[in-house]
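Below, chains carry the letters A, B, ... as their sequence lines are ordered, and counting in each starts from 1.
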There are 2 protein chains.
Amino acid sequence: MKKPIATQSVQDYLKHIYELTEHGSSASTGALAQRLNVKPASVTGMLRKLAAEDPPLVEYQKHQGVMLTADGRRAALEVIRHHRLIEAWLVQSLGYSWDEVHEEAERLEHVISEEFERRIDAALGHPTRDPHGEIIPGADLSMPEDESMPLSALRPGRSATVLRVLARDPNLLRHLDSLGLTPGARIEALDYSPFDNNLTIRVGEKMHVLGLNITTKVFVRFDGESHKD
Amino acid sequence: MKKPIATQSVQDYLKHIYELTEHGSSASTGALAQRLNVKPASVTGMLRKLAAEDPPLVEYQKHQGVMLTADGRRAALEVIRHHRLIEAWLVQSLGYSWDEVHEEAERLEHVISEEFERRIDAALGHPTRDPHGEIIPGADLSMPEDESMPLSALRPGRSATVLRVLARDPNLLRHLDSLGLTPGARIEALDYSPFDNNLTIRVGEKMHVLGLNITTKVFVRFDGESHKD
DNA sequence: AACTTTTTTTAGTCTTAACTAAAATTTGAC
DNA sequence: GTCAAATTTTAGTTAAGACTAAAAAAAGTT
C-alpha cells in the first residue's frame, strides 16, 4: 500500500467529491465547481487528471459526472479524518466554539503529519464524532454507516436524540446552539404542519417551530432505534 | 367552482406531473415524455397549452421544468381518486388480484361518471386506501399527508407495519405477495449490511434478505409512530 | 363520410451545461 | 530569484436536453 502525496487542491477535490457522492449518485461538474469556488472548466481539467492517475482516483465519463474509486475514497477519508480530528481538538483542547473551527481546520487538514494525527487522536481518547456530531473515520479509514435521519422525518408523538448537524455557516451554528440543538440533545415532536412543513418541537423546557431550513440540517436518532456501542 | 372537462390526454399529463412532483421538485420534459411514452416535443406542446388555460393548470417556464397549480393539482387528484377507487372495487367486488388491476383502472379512470364514482365509493364503505395501500384522495379532493417511510430506512431491532407498495409491474407485485409484503403485514428488521444495502427481515415465520430494489419500493410505518384514526 | 379539434411526430433551432486548448497565474523546488 | 510543475481562467467548441413550427395522425362531431 503506497502513500501518494496528494496536493492540497487534489485533497480538496476528493473531499468534495466524497461529500457530494456519499449517498450514491454521481457529482456534476457544475456542482463541484460551485463548492470549490472555481470555474467548471477547472473541474473538468482536474477530473481528467484524477482519472488518469495510477491508480485512478475517480471514475469519470465526460458529461456523466464523477464518482470516487476505492483508492480515491480512501484518500478522501484521510482528509476528512484530519479535518474532524482537528475540529474536535480545537474545541476540546483549545476552547474554540463549534462555529469557529471549520475554517481553521480547512487549512490545517492538509498540512498535519501522520504523527500529529496520532497524537491528537490519542490525546482526545480516540473520539468517534467531531463537535458537529459528524463521524470521524477510523485510523484504518473505515467509515461506519451513518444511522441518522433528518429531523424533517420526525412526526408528532415521537422523540429523538440529536446525532449531528450539517452546517458550517457560523451564524447558523450559533442559532442552532441557542435553540439547544446540539449533539446529544433530547427532543420531542409536538406538532407538524404539512402545508408549510413546519415542525414544532420541545427541547428541554423550550418549544420551537422549525422550518425545512433547519429540519433538513439537524440529524437525529429516533427513540427506540437499536444502536451499537 | 366550474368543472372543466379535461380530455384523457390532459388527465394523463396532469396525473403524471402530480406523481413526479408530489415531493417538491419540478418535473423535467424528458422524464414526463418517458412516463407518457411520447416524444419530448409532445410534452413541450402540451405544457404550453396547460399553462395557457384559464385558469392555468401548470406553472411552466421553458427549460425549467413544470409544477402543478392548485387547479391542476385538484384535476390530477380527481383522476387519481378515480384510479384508486376503481382498483379497490376491482379487487373487492370482482375478485381481481392486486397485480391485475392497474391496466384496467388506467382505462376506466377517464370514463366513469361522478355518479359511478359515488356508487363504488359507497359500496366499498368509503375506503381510504387502494389495494396497494396508496391513499385514496377524499371526495373533496383532500390528500392526507403520507406518513410512510421506505423500508430501506428500517434498522435492525426495529419493527414496522407495511403501509403501501410503490409498484405496478405484475411480476414484482406477485413477488411481493409471495414474500408476504402486503399492506398490514408486520415485519421486523434483523440485520443490515451497509456494503450492499441488503436488509434481512422477518415476516411471520419467514426470513428474507432484501436489496434496494425492494426496500425502496415498500413503505412502512415504524412501530411507535403516532397516527390518527 | 366529411369536417374540426386535439395530440403527436418530424426536423431543425436554441439553451444550458460541459468540454478543449491555450494562456495566465499560482505554487513549490532549487 | 529563477525555473518547473500544478492549477485556474479565458475563449471558443461540443453535447444533451429542450424548444418551435409545420405536417401527420388520431379523436371527436355533425
**Complete:** Nucleotide by nucleotide, nucleotides 9-22 of chain C touches protein heavy atoms under 4.0 Å in the pattern (B base, S sugar-phosphate only, - none) BB----S--SSB--
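- At a threshold of 4.0 Å, the pair B:E117-B:R81 counts as salt-bridged, since one of the basic side-chain nitrogens sits closer than that to a carboxylate oxygen.
- In this structure, B:H132 contributes its side chain and B:A167 its backbone to no donor-acceptor pair below 3.5 Å.
- Contacts of B:H102 classified as side chain to side chain donor-acceptor pair (under 3.5 Å), with partners at least two apart in sequence or in another chain: B:H83, B:E106.
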**Per-nucleotide protein contact string for nucleotides 24-30 of chain C, where B marks a base within reach and S marks sugar-phosphate only (heavy atoms under 4.0 Å, - for neither)** = -------
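- Side-chain N or O atoms of A:S148 include none that pairs as donor or acceptor with a backbone N or O of A:R221 at under 3.5 Å.
- A donor-acceptor contact under 3.5 angstrom links the side chains of B:S97 and B:D99, judged on distance only.
- Between A:H16 atom NE2 and D:dT7 atom C1' the separation is 17 Å, expressed in whole Å.
- Applying the 4.0 Å criterion to OP1 and OP2 of D:dA6, one finds that A:Y13 has every side-chain N and O outside that range.
- Under the 4.0 Å criterion applied to side-chain N and carboxylate O atoms, A:D71 and A:R74 are assigned as salt-bridge partners.
- Listed by first and then second residue, the side-chain hydrogen bond (donor to acceptor under 3.5 Å, both in side chains) pairs that reach into residues 33-47 of chain B are B:E19-B:R35, sequence neighbours excluded.
- Considering only side-chain N and O atoms, B:K49 lies under 4.0 angstrom from the phosphate OP1 or OP2 of C:dT7.
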Could you list, one pair per line, each protein nitrogen or oxygen that sits under 3.5 Å from a nitrogen or oxygen of nucleotides 2-5 of chain D, together with the distance?
none

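- With sequence neighbours left out, B:H126 forms a side chain to side chain donor-acceptor pair (under 3.5 Å) with B:D121.
- Every residue two or more places apart in sequence or in another chain that forms a side chain to side chain donor-acceptor pair (under 3.5 Å) with B:R119 is listed here: B:E115.
- Under the side-chain contact (heavy atoms from CB on, under 4.5 Å) criterion, A:S178 pairs with A:H175, sequence neighbours left out.
- Scanning for salt bridge (charged side-chain N to carboxylate O under 4.0 Å, His left out) contacts around A:E100 gives an empty result, with sequence neighbours left out.
- Rounding to whole angstrom units, CG of residue A:L32 and P of D:dT8 are separated by 12 Å.
- Contacts of B:T182 classified as side chain to side chain donor-acceptor pair (under 3.5 Å), with partners at least two apart in sequence or in another chain: none.
- Between the axis at the start and the axis at the end of the helix from C:dA1-D:dT30 to C:dC30-D:dG1 there is an angle of 30°, using five pairs per end and rounding to 10 degrees.
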Side-chain donor-acceptor distances from residues 133-144 of chain B under 3.5 Å, at least two apart:
residue: B:D140; atom: OD1; partner: B:S142; partner atom: N; Å: 3.0
residue: B:D140; atom: OD1; partner: B:S142; partner atom: OG; Å: 2.8

